Amino acid sequence: MPSEFVSAVVLLALVTDPFGNVPLVNAMLAGLPPARRRFVILRECAIAFALLMAFMLGGHKFLEVMRLSETSLSIAGGVILFMIAIRMVFPGGEHVLGAAPEGEPFIVPLAIPFIAGPSALATVMLMATREPGKLAMWALAISVTMALVAFVLVLGERLQRLLGDRVMQAIERLMGLILTAMAVEMLLGGIRAFVEGLK
């Protein structure tokens with residue numbers, strides 16, 4: 001298994017943050033029957049998956065239309081990832097992307113932005129524009145990641161009962177630490193490319 005594939009799955013798992021979304025999803029879907037809860041989670045994951053695939057496949061054209069460079073996307077993606085990672089490590093009173101409205105979600109806020117948020121969209125665009133010859137591998141990485149996200153969220157109530165809030169918070173903070181290092185690497189890569197372009 002290529003190390004790039006594993007790295008892509010790890011990075012996507014970090015930016016989609018399934019463990020951090022478990023308390024949010026549990027609270028949002030608390031009043032729904034188990035069967036309906038599973039349906040809503042799988043539907044929202046499918047919508048997020050379709051959006052991520054669309055951004056991966058159309059990301060290069062989008063950058064061309066907006067006259068954005070890969071360097072600027074790398075720097076912007078690094079900054080966004082870093083900000084989200086800091087919120088994961090030092091959480092406030094709400095989710096890293098804000099509070100969720102009450103009621104059954106449809107697209108917003110679960111599919112977008114809690115699963116397919118700005119950091120995830122920027123990440124898949126960056127992967128596709130950097131190495132467009134590996135789109136099949138990136139698509140597989142997105143598929144594996146979204147299967148993992150769906151699995152964690154469907155079992156969210158059991159996980160929260162089994163592990164407890166403290167363990168779930170510890171897992172999210174550990175994911176935040178790893179994401180911080182990846183964000184800095186992405187940011188430095190963008191800065192390095194910018195400096196080299198000035199020569």
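Note that this is a predicted model, so its numbers are computed, not measured.
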For the hydrophobic clusters of this structure (ILVMFWY residues joined by side-chain heavy atoms under 4.5 Å, transitively), does one cluster hold both Ile191 and Ile80?
-> no

Residue pair Ser74 / Arg130: nearest heavy atoms and the distance that separates them = OG-NH2, 3.1 Å

Intermediate values then yes/no, side chain to side chain contact (heavy atoms under 4.5 Å, CB included), Leu162 and Val167 | CA-CA 9 Å; Leu162 180 65; Val167 174; over 6 Å; no

Measuring from Met182:CE to Thr123:OG1, what's the distance to the nearest 0.5 Å?
-> 10.0 Å

Would a distance-only check, ignoring hydrogens and angles, find a side-chain to backbone donor-acceptor pair under 3.5 Å from Asn21 to Phe114?
-> yes

Applying side chain to side chain contact (heavy atoms under 4.5 Å, CB included), run through Met127 and Met56 and close with a yes or a no.
-> CA-CA 8 Å; Met127 290 192 305; Met56 183 195 72; 5.9 Å; no

Shortest non-hydrogen contact from Glu44 toward Pro105 | OE2-O, 3.7 Å

Close side-chain approach of Leu148 to Val9, heavy-atom, < 4.5 Å = no

Evaluate side chain to side chain contact (heavy atoms under 4.5 Å, CB included) for Met186 paired with Leu126, printing each intermediate quantity in order.
-> CA-CA 10 Å; Met186 184 181 292; Leu126 192 58; 3.7 Å; yes

Checking Trp138 side chain against Glu131 main chain: does a donor-acceptor pair fall under 3.5 Å?
-> yes

Verify side chain to side chain contact (heavy atoms under 4.5 Å, CB included) between Leu52 and Leu12, making sure each step is shown before the conclusion.
-> CA-CA 10 Å; Leu52 290 171; Leu12 289 170; 5.7 Å; no

Nearest 0.5 Å, what's the CG-CZ distance between Leu155 and Arg38?
-> 10.0 Å

Locate the shortest heavy-atom distance separating Ser143 from Phe49; write the atom from each residue and the value.
-> OG-CE1, 3.5 Å

Do you reckon Val15 sits in the same ILVMFWY cluster as Ile75, going by side-chain contacts under 4.5 Å, direct or chained?
-> no

Atom of Ala150, atom of Ile41 and distance for their closest heavy-atom approach = O-CG2, 4.3 Å

Linked, directly or transitively: Phe194 and Val184 (ILVMFWY side chains, under 4.5 Å) | no

With the 4.5 Å side-chain cut-off for hydrophobic clustering, are Ile178 and Leu187 part of the same group?
-> no

Flag yes if Ile115 and Phe106 sit in one hydrophobic cluster, no otherwise; membership is Ile, Leu, Val, Met, Phe, Trp, Tyr, and two members link when side-chain heavy atoms are under 4.5 Å apart.
-> yes

Taking every non-hydrogen atom, the tightest pair across Ala13 and Met175 | O-CE, 3.6 Å

Between CD of Glu172 and CG of Asp17, what distance do you get to the nearest 0.5 Å?
-> 4.5 Å

Measure the spacing between CD1 of Ile171 and CZ of Phe19 and express it to the nearest 0.5 Å.
-> 5.0 Å

Here the pair of heavy atoms bringing Pro18 nearest to Leu153 is O-CD2, 3.6 Å

Would you find a donor on one side and an acceptor on the other, under 3.5 Å apart, between the side chain of Ser72 and the backbone of Leu68?
-> no

From Glu64 CD over to Thr129 OG1, what is the distance, rounded to the nearest 0.5 angstrom?
-> 10.5 Å

Drop me the distance from Met125's CE to Lys61's NZ, to the nearest 0.5 angstrom.
-> 13.5 Å

Does a side-chain heavy-atom distance below 4.5 Å link Pro109 with Met28?
-> yes

Start with the C-alpha gap between Asn26 and Arg37, add the side-chain angles, then the distance that decides, and say whether side chain to side chain donor-acceptor pair (under 3.5 Å) holds.
-> CA-CA 9 Å; Asn26 289 347; Arg37 182 180 183 278; 2.6 Å; yes

Do Leu110 and Ile47 have side chains that get closer than 4.5 Å, going by heavy atoms?
-> no

